[in-house]
There are 2 protein chains.
Amino acid sequence: MSTHAISPDDAADIAQIRRFNRLVSQRIGALDQSYLQRGRPLGEARLIFELAPDGADLRLLRTRLGLDSGYLSRLLRSLERQGLVVVDAADDDARQRRARLTAKGAEERAVYDLLSDRLAQSLLASLSARERARLTAAMAEVERMLRVASVELRLVPADSADALGCLDSYFAELARRFDDGFDPSKHQAHAPAPGTPTPGSHIPETLFLVAYSDALPIGCGALLIEDAEVGEIKRVWVAPVARGLGIARKLLHRLEDLARQRGLAMLRLDTNRALAEAQALYRSEGYEPIARYNDNPYAHHWFGKRLEAEA
Amino acid sequence: MSTHAISPDDAADIAQIRRFNRLVSQRIGALDQSYLQRGRPLGEARLIFELAPDGADLRLLRTRLGLDSGYLSRLLRSLERQGLVVVDAADDDARQRRARLTAKGAEERAVYDLLSDRLAQSLLASLSARERARLTAAMAEVERMLRVASVELRLVPADSADALGCLDSYFAELARRFDDGFDPSKHQAHAPAPGTPTPGSHIPETLFLVAYSDALPIGCGALLIEDAEVGEIKRVWVAPVARGLGIARKLLHRLEDLARQRGLAMLRLDTNRALAEAQALYRSEGYEPIARYNDNPYAHHWFGKRLEAEA
DNA sequence: AGTGATCGCTGACTAAAGTCAGAGAATGTC
DNA sequence: GACATTCTCTGACTTTAGTCAGCGATCACT
């Protein structure tokens, strides 16, 4: 992070990534070529492709495709002339507009889909069943790792929209999974009010971490600083779509870093017996069972871990 | 091949490939973006990137980048004005010209290299050592399989330039690997003259297969049709860079297909004891040891395989 | 020396991609 | 109801990318 030089360890990995990019960009160039077969500029083709069957707001399209407002407008006008698209005002706000594919437009989109399939199919055609399996497995793995790499952990206010959104999903899941259900109010009772505390007050400070994948919140975790020595890990949660990628571990590591930065010597946490994978995570990270330290009605296990000072 | 419909078996694989393309094309788009940071059109940036330190023939550049002659000329003129490139005549033919980077151009190229590295590095930075290893391993695997998929087997005249080129490399390798060296003339003595035979003559017909990866010959294999019943497999070879990808097996399969198409009932071949991997290939493909059937001075093992009729 | 082919360059294009400054309508705010 | 704001659209651009025909120099072959 701090160093800009490239270590020899990295060099081989970087070379691999660059070779990979080079090769794959050829393939993707081929995809563009096949789109051009329809005698339509690539910009228009991409737009057709990006238009969901039930339409999309122009704002969204602009940000998603990175287009200038005037440019998008012109592209849509051209597609309208071709009878592939209609643009009409949004229901709630007549300034905003939505673009939808016509029946003819949907047909055209299906053709692009088919071209895309063909290209993929021609790739597969020259491979044996075993080679195919290896290719698709490796692709899935690359995809998974790229998603992991694009995950960003950000400290946000505990009462921000993204934090509350994650907590909602988290609590909903707890309600489903706990044997005896889950009532947030009962749980919140012994928790502190969110927000930044006034320094010197006795309200413990909460550091709230949200994990984003492409600006979409997909997980969270909090560190409660109880006093100068002890912190509590709480609300570590990852959205179901993003599980199995090691994101919970990443959140935990970051929370521990934060704790160390504050000079804390000890972290503790509680957990419910229904959350087996959480317990496995904590144990594998060096957390050990300790005596009950709170009166959380939903807790069955209490763990603690001693932190070494920062290097 | 014959069917245009997409089977349900394929559908999952195709979906995987398309997801993959989509995700990776975002990354590569990011790469293009980072190149544009230098305030130079992408075409020029790519050209700088493609120019090897010791220069390149314009012909080669045109084919490699797929550029029109006029267009390339203009790009080079622009880079010359910027003092990044010099174009001078080739040594042997004053019509041909070579482009080379100046010192300033080499610096600029280094900057692009660095940008590329940075992007790759930023990908790696957010991954743990294990995750990195998984990513690069999977990328290498995808690369390998894509290369396999792009291999094309073509029947060529046995005296074509590509065929002779492969044979040269093949014989050179045999000379290195055989305990007692290898002299092509001694080997050729008992082999038939290349070329298409006159039908009805007694000169056996030779089908010569060359494996191409991006128009580059990377392997070969031949089928000698001795009579209506028996064929001989000869000169199966794969360039060292392309080994471990199953190309030899592919060549062998295709030669067997050709033999079946001609109604042959039996294939045989000989091999030297130094070529262990070749023997392993033949055994795994159902070839079994048979009695010596020729007087090839370099052969130690003779294999045969019975062909079933075409389905 | 003559002839035909090859190679790269220039001029003259076109199409696509993208930018920017308003205009005009709808909405939110005081 | 005045005023600022938001959103899209249009007109008027520029830049990039790419194509095509023809020219002049050079080469290979006779």
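Naming convention: chains lettered A, B, ... in sequence-line order (proteins, then strands); numbering from 1 in each chain.
With contacts defined as side-chain heavy-atom distances shorter than 4.5 Å, the pair B/Val148/B/Ile247 does not qualify. Inter-residue side-chain proximity for B/Arg40 and B/Glu108 is flagged as met; some heavy-atom pair is nearer than 4.5 Å. Looking only at side-chain heavy atoms (C-beta outward), B/Gln82 and B/Glu44 come within less than 4.5 Å of each other.
Contacts with DNA chain D (heavy atom under 4.0 Å) in residues 72-89 of chain B: B/Arg74, listed by number. Contacts with DNA chain C (heavy atom under 4.0 Å) in residues 34-47 of chain A: A/Pro41, A/Leu42, A/Gly43, listed by number.
Sequence neighbours left out, the pairs with a member in residues 46-63 of chain A that pass side-chain hydrogen bond (donor to acceptor under 3.5 Å, both in side chains) are A/Glu50-A/Arg64, A/Glu50-B/Arg22, A/Asp57-A/Arg98.
B/Tyr35 is linked by a ring pair (Phe, Tyr, Trp, His ring centres under 6.0 Å) to B/Phe49, B/Tyr112, counting only residues two or more places apart in sequence or in another chain.
One atom, CD of B/Gln96, and another, P of C/dA5, lie 18 Å apart when rounded to the nearest Å. If you measure from atom CG of B/Leu60 to atom P of C/dC7, you get 13 Å, rounded to the nearest angstrom. Nucleotide C/dC9 holds its C1' atom 11 Å from the CG atom of B/Leu58, rounded to whole Å. Rounding to whole angstrom units, OH of residue A/Tyr71 and C1' of C/dA15 are separated by 11 Å. As a whole-Å value, the separation of B/Leu65 CG from D/dT19 P is 13 Å. Spacing between atom CG of A/Asp68 and atom C1' of D/dT15 amounts to 14 Å, rounded to whole angstrom units. Taking atom CG of A/Asp32 as the reference point, atom P of D/dG18 lies 11 Å away to the nearest angstrom. In this structure, the CD atom of A/Gln33 is 15 Å from the P atom of D/dA17, given to the nearest Å.
Atom CZ in A/Phe208 sits 7.5 Å away from atom CG in A/Leu164 (nearest 0.5 Å). In this structure, CG in A/Asp113 is found 6.5 Å from OG in A/Ser116, a value given to the nearest 0.5 Å. Atoms CG and CG, from A/Leu115 and A/Leu31 in turn, are 9.0 Å apart once rounded to the nearest 0.5 Å. The CG atom of B/Leu84 sits 10.0 Å away from the CG atom of B/Leu47 when rounded to the nearest 0.5 Å. Here CG of A/Leu114 is found 8.5 Å from CD of A/Gln121. Values are rounded to the nearest 0.5 Å.
Although no hydrogens or angles enter the test, the distance criterion places no donor-acceptor pair under 3.5 Å between the side chain of B/Ser78 and the main chain of B/Arg74.
Considering only side-chain N and O atoms, B/Arg97 lies nowhere under 4.0 angstrom from the phosphate OP1 or OP2 of C/dC7.
The residues A/Arg154 and A/Glu152 are annotated as salt-bridged, a charged nitrogen and a carboxylate oxygen being separated by less than 4.0 angstrom. Ion pairing between A/Arg147 and A/Glu143 holds under the 4.0 Å rule for side-chain N and carboxylate O. Salt-bridge annotation for B/Glu107 and B/Lys104: absent, with no side-chain N of the basic residue lying under 4.0 Å from a carboxylate O of the acidic one.
Residue-level contact check: A/Arg98 touches neither bases nor backbone, having no heavy atom under 4.0 Å from any strand.
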At under 4.0 Å between heavy atoms, how does the protein contact nucleotides 25-30 of chain C? Give one character per nucleotide, 5' to 3', with B, S or -.
-BS---
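In the helix from C/dA1-D/dT30 to C/dC30-D/dG1, the rotation axis of the first five pairs and that of the last five pairs differ in direction by 20°, rounded to 10 degrees.
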